[in-house]
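Below is one structure, written out as structure tokens; the observations come after it.
The chains referred to below are lettered A, B, ... by the order of the sequence lines, with proteins before strands, and numbering in each begins at 1. Values below: every heavy atom of this structure, side chains too, minus hydrogens, waters and symmetry copies.
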Amino acid sequence: MAERRYDPQEIEPRWQAVWAEEHTWEVSNDPVPGEASSATSYVLEMLPYPSGEPHIGHLKKYAVGDAIAHFHRRTGHRVLHPMGYDAFGLPAENHAIKTGVHPRESIASSIASFQRQFRSWGISIDWSREFGTHEPSYYRWTQWIFLELYKAGLAYRREAAVKWCPHDQTVLANEQVIDGCCERCGAVVEVKQLEQWFFRITDYAERLLGDLDGIAWPEHVKTMQRNWIGRSEGAEVTFRCEQLGIDYPVFTTRPDTLFGATFFVMAPEHPDVGRLVAGTPQEQAVRDYVNQALTESGAERGSLDKPKTGVALGRTVTNPVNGEQIPMYVADYVLMEYGTGAIMAVPGHDERDYAFARAYSLPIRRVIEGPPTLSEDGGDAQGLPYTGDGLLVNSRPDFDGMGNREALRAIVQWLDREGKGHASVNYRLRDWLISRQRYWGCPIPIVYCEHCGLQPVPAEQLPVVLPDIEDYAPHGRSPLAAAEDWVATECPSCGGPARRETDTMDTFVDSSWYFLRYCDARNDEAAWSPEALRQWMPVDQYIGGVEHAILHLMYARFFTKALADLGQLDFQEPFSALFTQGMVTKDGAKMSKSKGNVVSPASIVERYGADTARCYILFVGPPDQDADWSDEGVEGVHRFLSRLWRLAAETAERGGADPLASVGAFGEVGALQGDDLELVRKAHWAIEKVSEDMRRFGFNTAIAAVMELLNDCSRMREQLSVETLRFGLATAASLLFPFAPHVCSDIYELLTGERVWEQPWPQADPEMLERDEYELVCQVNGKLRDRVQASSDAGEEELKALCLAAPNVLTHIEGREIVKEIVVPGRLVNLVVR
RNA sequence: GCGGGCGUGGUGGAAUUGGUAGACACGCUGGCCUUAGGAGCCAGUGGGCUUUUGCCCAUGGGGGUUCGAGUCCCUCCGCCCGCACCA
């Protein structure tokens with residue numbers, strides 16, 4: 001028998017060629033007659049940003065997604081499993097600024113590299129639907145969606161205090177500001193007043209929150225979204241500045257403490273601050289304070305231990321519940337972005353207001369009774385500030401003595417009757433700022449006409465194609481502004497001279513609908529056909545990193561809901577189920593070039609093959625958890641695949657390919673005996689185990705089960721009939737195929753002459769899972785004392801007797817009285833003795 | 001501060017509803033084979049005691065519920081993630 005060697009470099013390209021030539025993983029949109037909607041499945045990994053080469057995180061994401069796609073296919077589904085590229089965005093543009101190479105070129109070479117490697121990984125992609133979001137045939141429809149949202153009033157333009165990154169010279173979304181710094185470059189973010197485009201995502205806050213209940217997402221992701229939406233119930237209450245005759249509504253979650261309001265605070269960004277102090281002695285001091293607060297970074301301003309600061313405005317407002325005149329202040333602890341940018345301050349029952357009142361010697365009034373003075377640390381002798389529940393005091397006779405929660409409702413009703421306020425709900429979520437003063441993005445399809453003003457580009461004129469330019473560097477305005485020939489255009493309404501919008505869209509817009517386009521990627525007439533969406537959407541299983549738990553996943557949900565409202569689709573949630581894979585680290589640290597701990601998938605694939613790389617990354621631990629890369633671990637998995645392939649090749653040589661092995665047609669259990677029966681049973685155990693593990697993403701334990709099966713095949717190889725051995729190995733290959741498609745295709749063909757991906761997923765025979773005998777655990781007082789063989793159909797009395805006869809049980813019950821017997825058939829007997 | 005998660009051998013990790021703790025793998029030790037081994041095969045491997053049978057201890061610490069707890073409850077410690085002056 002010739003020495004056979006497992007050679008992934010030969011095996012893998014051979015099978016990849018078969019799949020490419022036969023277009024094996026392509027699916028048609030034509031409905032299959034009589035096909036139930038449950039017979040199709042849409043498996044999708046978050047689309048990659050093509051920068052350089054794929055990294056190990058991509059390998060993990062696609063190893064997970066491909067395993068699920070294969071499992072769905074072989075359990076009777078027609079599976080859509082597409083691929084594309086999120087190709088607009090800053091990295092390519094920054095590269096262009098540095099090197100002068102057009103982003104289109106650098107992105108094209110990155111995409112080529114991703115394509116090459118994805119093919120070398122053997123992932124089962126329907127390549128006929130591939131696209132990049134930077135292609136005009138795609139972003140034409142991004143622009144179309146923008147116009148649809150614009151027509152519906154969901155896209156709008158306004159001047160706003162926006163977050164500005166001085167390094168990238170662009171506006172950022174709130175979501176892209178991390179600890180007051182730019183998410184991308186880490187520069188400290190500034191605030192600027194600019195005209196910007198927004199999407200009205202806040203209109204959807206309630207639905208984005210409520211519909212989380214109906215989707216199969218990890219609980220922590222839902223929690224993050226809930227926190228981000230930040231729903232608060234309370235009341236809007238109007239405080240009037242009599243001197244200027246202006247009403248100032250404020251939002252409060254604690255209307256029960258209204259009688260304790262002793263001052264009033266506005267955010268430095270509040271547009272009325274200047275007006276309130278104009279011509280007063282305070283004017284200069286307020287102006288200085290505001291300027292200082294505005295130039296301060298978010299991080300400095302938000303720092304918790306920073307002492308409270310502010311300046312009096314020299315004005316008062318009327319507290320609507322008691323008519324008191326309370327002084328107005330401007331202070332940077334009040335945020336313009338939340339509520340109305342102004343607050344009523346209740347120092348007795350709010351820690352921040354308390355700190356401010358102490359710093360500026362303002363009155364502090366208790367209006368809710370708390371437990372008798374226990375405050376030994378921060379608070380004062382009366383136990384203030386007190387934020388807990390209690391009875392109202394110092395309020396109004398009809399509210400005093402009421403529990404504060406009850407009083408809250410009563411006070412809101414009373415305010416409502418008096419026209420001084422009303423119940424209100426506030427959200428932390430803010431509208432999505434999508435303008436970017438950048439070149440490499442989707443142009444916003446809007447023109448500005450001298451006569452007609454702002455005009456949307458008519459849909460039939462789309463796409464507004466991104467022009468080529470020379471200088472990519474931002475200078476505080478979009479680089480597109482320099483493309484004069486492009487900017488100067490005609491007004492679609494009057495035909496007069498007009499100028500194009502020169503900002504581009506946030507790249508998160510591009511990725512908020514790509515999953516819809518895959519359903520109908522070659523449609524030139526529309527973004528999609530309703531039939532195509534009906535065929536595939538919503539996505540049955542979405543896979544990606546937790547880093548997108550808020551941004552991308554919230555935006556995609558918003559787009560889906562908005563498009564549903566516009567009649568463009570008929571479902572409310574884009575991703576029915578979500579799986580978030582954990583990070584791959586090296587030596588416990590995130591891989592990065594600067595740390596020099598990067599493991600490149602290409603080098604692993606070159607050395608061990610894609611099957612080893614994919615299996616290892618799934619075997620190392622539960623896929624939703626972080627995993628640390630270990631070179632020794634890779635070796636171990638490679639040894640396993642080598643052993644599997646070698647034993648299969650040897651076994652195949654002992655007899656020709658036998659289609660029966662694929663079916664496992666062994667007839668009755670009784671026809672088998674001894675080791676043959678034991679191995680067939682082991683194979684069925686593995687089928688059961690792997691099938692169950694696939695459903696719960698337990699890929700590490702699924703692979704371990706196949707390892708056990710192989711170990712048994714290997715251990716008993718001399719004793720087993722060649723048919724049994726062939727069945728065991730073919731089963732192993734069939735079960736491992738979703739993780740190691742090349743080597744398993746090879747093995748399966750050697751053993752059976754058939755193509756494993758065309759075979760239905762194996763079914764465990766219940767009769768094979770049952771055993772005649774099992775090992776009965778015998779316990780005394782809950783401690784394991786012996787094990788005996790018990791017949792599977794033995795009754796409780798029989799099991800008890802077996803246990804009582806077990807030698808080591810006898811030594812432990814000798815001379816003692818049995819007071820209780822617990823019998824768990826199929827498992828154990830526990831004797832309680834005294 | 002609030003919210004979520006986690007803590008098991010030398011290592012990564014197993015342990016469906018409370019029922020044999022440590023599957024599978026890495027590493028290590030010994031052996032076989034070999035001119036050679038960073039190949040392959042076999043055996044061993046939580047700690048302690050014991051000649052073996054076996055006994056005791058052990059899932060971050062402490063307490064509880066239970067015939068029985070890695071799993072449930074309370075409490076403390078440690079680590080990770082998200083949000084964070086959101087009124």
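- Within a 6.0 Å radius of CZ in A/Arg827, other residues, nucleotides and ligands contribute 12 heavy atoms or fewer.
- Contact annotation for A/Glu775: base contact, defined as any heavy-atom pair under 4.0 Å involving a base atom.
- A/Thr811 comes within 4.0 angstrom of no nucleic acid atom, judged by non-hydrogen atoms across all strands.
- The pair A/Glu337-A/Arg428 does not count as a salt bridge, with every side-chain nitrogen at least 4.0 angstrom from each carboxylate oxygen.
- Taking every side-chain heavy atom of A/Thr701 into account, B/A23 is the closest of B/A23, B/G19, B/A87.
- What separates CZ of A/Arg226 from P of B/G3 is a distance of 14 Å, to the nearest Å.
- Nucleic acid contact for A/Pro807: none, since no nucleic acid atom lies under 4.0 Å from a heavy atom of the residue.
- When rounded to the nearest whole Å, the span between CG of A/Asn700 and P of B/G22 equals 18 Å.
- Taking 3.5 Å as the limit, the base of B/C83 and the side chain of A/Asn227 contain no donor-acceptor pair of atoms between them.
- Contact check on A/Asp256 versus A/Arg405 returns no salt bridge, with no Lys/Arg side-chain nitrogen under 4.0 Å from an Asp/Glu carboxylate oxygen.
- A ring-centre distance under 6.0 Å is not found for A/Phe264 and A/Tyr329.
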Check your understanding: What is the per-nucleotide protein-contact pattern of nucleotides 35-44 of chain B, from the 5' end, where B denotes a base atom under 4.0 Å from a protein heavy atom, S denotes such proximity for sugar-phosphate atoms only, and - denotes neither?
Key -> ---B-SS---
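- Checked against B/C83, B/A25, B/G12, the side chain of A/Trp228 finds its nearest nucleotide in B/C83.
- When the nucleotides B/G19, B/A25, B/C83 are ranked by their closest atom to the side chain of A/Ile550, B/C83 comes out on top.
- Across all strands shown, B/G27 pairs with B/U45; the Watson-Crick or G-U wobble distances both stay below 3.5 Å.
- Of the listed nucleotides (B/C67, B/A84, B/A25), B/A84 has the atom at the smallest distance from the side chain of A/Arg428.
- Among B/C67, B/A15, B/C24, the nucleotide with an atom closest to any side-chain atom of A/Val832 is B/C67.
- Annotation: of the two residues near RNA chain B, A/Gly621 and A/His812, the 5′-most nearest-nucleotide partner is A/Gly621.
- Under the Watson-Crick or G-U wobble criterion, with both distances below 3.5 Å, B/U66 is left unpaired in every strand shown.
- Ring centroids of A/Trp629 and A/Tyr616 are separated by less than 6.0 Å, placing the two rings close together.
- Within the 4.0 angstrom heavy-atom criterion, base atoms lie near A/Val334.
- Note on A/Asp213 versus A/Arg226: salt bridge recorded, some NZ/NE/NH1/NH2 to OD/OE distance being below 4.0 Å.
- Going from atom CD of A/Gln225 over to atom P of B/G82 covers 15 Å, rounded to whole Å.
- Comparing A/Ser630 and A/Met344 by the nucleotide of RNA chain B whose heavy atom lies nearest to each, the residue mapping closer to the 5' end is A/Ser630.
- Remark: P of B/G68 and CZ of A/Arg827 are 18 Å apart, rounded to the nearest angstrom.
- Across all strands shown, A/Asp353 has no heavy atoms under 4.0 Å from either base or sugar-phosphate atoms.
- For the C1' atom pair drawn from B/A58 and B/G10, the interatomic distance equals 16 Å after rounding to whole Å.
- Of the candidates B/C24, B/C56, B/C67, B/C56 carries the atom nearest the A/Lys783 side chain, counting heavy atoms from C-beta on.
- For A/Leu784, taking side-chain heavy atoms from C-beta onward, the closest of the listed nucleotides B/C57, B/G13, B/A21 is B/A21.
- Judged by Watson-Crick or G-U wobble contacts below 3.5 Å, the nucleotide B/A15 has no partner.
- The residue A/Asn711 sits close only to the backbone: its heavy atoms come under 4.0 Å of sugar-phosphate atoms, none of a base.
- For the pair A/Arg785 CZ and B/C67 C1', the interatomic distance rounds to 14 Å; values are reported in whole Å.
- Taking the P atoms as reference points, B/C6 lies 12 Å from B/A14, given to the whole Å.
- Pairing partner, B/C2: B/G82, with both Watson-Crick or wobble hydrogen-bond distances short of 3.5 Å.
- The pair A/Arg695-A/Glu692 meets the salt-bridge criterion, since a charged nitrogen lies less than 4.0 angstrom from a carboxylate oxygen.
- The pair A/Arg231-A/Glu206 meets the salt-bridge criterion, with a side-chain N (NZ, NE, NH1 or NH2) lying under 4.0 Å from an Asp/Glu carboxylate O.
- Enclosure of atom CD in A/Glu351 is not indicated, since only 12 or fewer non-hydrogen atoms of other residues, nucleotides or ligands lie within 6.0 angstrom.
- B/G9: glycosidic angle within 90° of 0, hence syn.
- The separation between A/Ile813 atom CD1 and B/C67 atom C1' is 15 Å, rounded to whole Å.
- If you take atom C1' in B/G18 and the same atom in B/C72, they sit 8 Å apart, rounded to whole Å.
- Applying the 4.0 Å criterion to OP1 and OP2 of B/U66, one finds that A/Asn830 has every side-chain N and O outside that range.
- Using a 4.0 Å heavy-atom distance criterion, A/Gly339 is classed as making no nucleic acid contact.
- Taking atom CG of residue A/Asn781 and atom P of nucleotide B/U66, one finds them 15 Å apart after rounding to whole Å.
- One P atom belongs to B/G9, the other to B/A23, and the distance between them is 13 Å to the nearest Å.
- Distance noted for atom P between B/G4 and B/C74: 13 Å (whole Å).
- The side-chain tip of A/Lys308 does not point at the ring of A/Phe356 from less than 6.0 angstrom away and within 45° of straight on.
- Taking every side-chain heavy atom of A/Glu632 into account, B/G27 is the closest of B/C83, B/G27, B/A25.
- For A/Thr223, whose side chain is taken as the heavy atoms from C-beta onward, the closest listed nucleotide among B/A87, B/A84, B/G3 is B/G3.
- When rounded to the nearest whole Å, the span between CZ of A/Phe619 and P of B/A23 equals 12 Å.
- Going from the P atom of B/G61 to that of B/A69 covers 15 Å, rounded to whole Å.
- Ring centroid separation for the pair A/Tyr6 and A/His638 comes in under the 6.0 Å cut-off.
- Considering only side-chain atoms of A/Tyr338, the nucleotide from B/A25, B/G19, B/A87 that sits closest is B/A87.
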